2 protein chains.
Amino acid sequence: MSKKQIIMESALELFAKQGFEATSVQQITEHSGISKGAFYLSFKSKDELIMALIDQFMMQFISDIDHIVNDPNNSGEELLVKFFYTTFYSFQKHSDFAKIFIKEQAHTFNEELISKGRHFDQLIDDITLSMLDQLYGETIQHTKYDLIYCIKGFMHVYSHLFLFFNVPLDLDLLCRSLAEKTELLAKHSTIPFITDELYEMFRKTGHEEMTAGQIIEIMEQKIEELEDSIEKESLVLLKQDVQELSLSPAIVKGLITNIRNNPHCSWIAFLLLNYYEV
Amino acid sequence: MSKKQIIMESALELFAKQGFEATSVQQITEHSGISKGAFYLSFKSKDELIMALIDQFMMQFISDIDHIVNDPNNSGEELLVKFFYTTFYSFQKHSDFAKIFIKEQAHTFNEELISKGRHFDQLIDDITLSMLDQLYGETIQHTKYDLIYCIKGFMHVYSHLFLFFNVPLDLDLLCRSLAEKTELLAKHSTIPFITDELYEMFRKTGHEEMTAGQIIEIMEQKIEELEDSIEKESLVLLKQDVQELSLSPAIVKGLITNIRNNPHCSWIAFLLLNYYEV
DNA sequence: TATAATAATGACTGGTTGGTCATTTGTCAA
DNA sequence: TTGACAAATGACCAACCAGTCATTATTATA
């Protein structure tokens, strides 16, 4: 495991227990069994560390959930159940991170962190919206944004339960219960509160699309990290295509499928899917 | 305005902007126009200050909401709408405090603060439950705890909207929209997740009833603060009755009504109503 | 006006913080 | 064995923190 990974795992534990601000770099280095200097060889600052943690987990989480929603095998109420399941399972598996994210989200004053949080939040909104469109189509035109918010509310309160109480819970039951509630609201609620205009207004604050250049940068970095493999080869080809369109859509789709199931590439797969759709 | 109040208002502003830990006593005293020494004449520590702030606002909030739910004039869906309205109105009016509360709730490591937060949370649960019982009675026996959590979820996500975006919102519409959703869930959801046992388990962690002695202490303090008035006289009589039961229930009820509408006494009224019910 | 009592001050203390950098340690090929 | 390079160290720094207390200013009383 790389030094960076060791530090991140140590820090994760401490942050979850004590919070970000209350955990000193000193503590992290002691807990990792390294010196203070070594820490600053891996990270330029404490802020960069929390940023890396958030990136790592949110990318994984978002590509997981996107994978479920865009899988044509999932549909109807089963999709809804799986959507909740993926979310809660992920929260449970990475509970240390989930705790930090909940605690630190609204709390920080680092501009970059705030906008990062907002960005991920919007990505999750997009995925949720795409799922709702798939499930209910036109019938929820007026109430779809309210539905998103209700789903977020459900997730928030119920994830508290298994994050902050150590009780084994029946995740499956929980997800069926929430799917039923969502279904009820989708089919019968009539009074919308969040209109298109309102939603746009909430969103506007500083949302930047990712440019082709940024995607290429990320791909190049990943290409260097990977061993020779189908995934690496696919990435190289995809990079070339992003730089100068040359491959047919079918080939591109196939290449993305090649890398999608590798956890190290799922984030790039997500980015590319969004990129080619636009 | 007392020095204590000046400090509290200054601190409230700064805490809402920067968070509790990130705001130094120095900053507070500068913002209040007093010296550091003077601060420590009013509060024993920075922790005592945040505690006082939380007490002040939560007591007000809880007695407000309890007042609505226990008013026999309110019933049916109108009660539900008013319940939401009181909540959001209060959040809006005291938005600085609401921000702090949301940010700091899960974040602190002061034991006393955590248990205080949990205690208030449970009081809100109790009030919500009492409202749901009033509205739906036996029909929601299995799903009532889930309903509480859904309502909490609604409140959480929607309060974010007007706390962290500066947009004028139609509170009335919001509350009708949420009342409809709650009604839908109450009448049609069939799959419970939070059972009685589970709910008890979540609650168990350190909940202490308030003893007669503690109530008397609070009353004595308030009696000293008040000018001569009907309220003060009522308080004195009530205190005597708590010490040695002597008055008829009707008289007690009347005396509590006397003090209930005074904002300085509404918290004591709430405590007494709970005390006499048990 | 003199005296006592109270309120307010801000320099100071002991401690912790994130971050730096001259120095030491480890690892190679020659 | 040597020397060149990279990796790792931890003493050190300036900045800031919550909280104290000898001193001064203000007010009330006689």
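Letters A, B, ... mirror the listed sequences (proteins, then strands); counts begin at 1. Side chains included, hydrogens not; waters and symmetry mates left out as well; all remaining heavy atoms used. Computed from a prediction, not measured in an experiment: that's the story for all the values here.
- Judged by distance alone, the side chains of Asp126(A) and Gln122(A) never bring a donor and an acceptor atom under 3.5 Å apart.
- Aromatic ring centroids of Phe162(B) and Phe88(B) lie under 6.0 Å apart.
- Note: Phe57(A) and Phe97(A) have parallel aromatic rings, judged against thresholds of 30 and 60 degrees for the angle between ring planes.
- Between chain B and DNA chain D, the heavy-atom contact criterion of under 4.0 Å yields a 5' to 3' nucleotide range of dC17(D) to dC21(D).
- The phosphate of dT17(C) has OP1 or OP2 within less than 4.0 Å of a side-chain N or O from Ser24(A).
- Phe165(B) and Phe202(A) have tilted rings, their planes meeting at an angle from 30° to 60° on a 0 to 90° scale.
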Under 3.5 Å, which protein N or O atoms sit close to an N or O of nucleotides 5-12 of chain C? Give each pair with its distance.
from, atom 1, to, atom 2, distance (Å)
dA8(C), OP1, Lys3(B), NZ, 3.0
dT9(C), OP2, Ser35(B), N, 2.8
dT9(C), OP2, Ser35(B), OG, 2.8
dT9(C), O5', Ser35(B), OG, 3.3
dG10(C), O6, Gly37(B), N, 3.3

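- Side-chain contact check for Asp55(A) versus Lys116(A): some heavy-atom pair is nearer than 4.5 Å.
- Under the 3.5 Å distance criterion, with hydrogens and angles disregarded, no donor-acceptor pair is assigned to the side chains of Glu48(B) and Ser45(B).
- Only one option out of Arg118(B), Arg203(B), Lys152(B) pairs with Asp125(B) in a salt bridge (charged side-chain N to carboxylate O under 4.0 Å, His left out); it is Lys152(B).
- For Glu233(B), the CD atom counts as loosely surrounded, since its 6.0 Å shell holds 12 or fewer non-hydrogen atoms of other residues, nucleotides or ligands.
- Straight-line distance from the CD atom of Glu48(A) to the C1' atom of dG18(C): 14 Å, rounded to whole Å.
- Counting non-hydrogen atoms under 4.0 angstrom, Thr23(B) reaches the backbone sugars and phosphates but no base.
- With rounding to whole Å, Lys46(A) atom NZ is found 9 Å from dT17(C) atom P.
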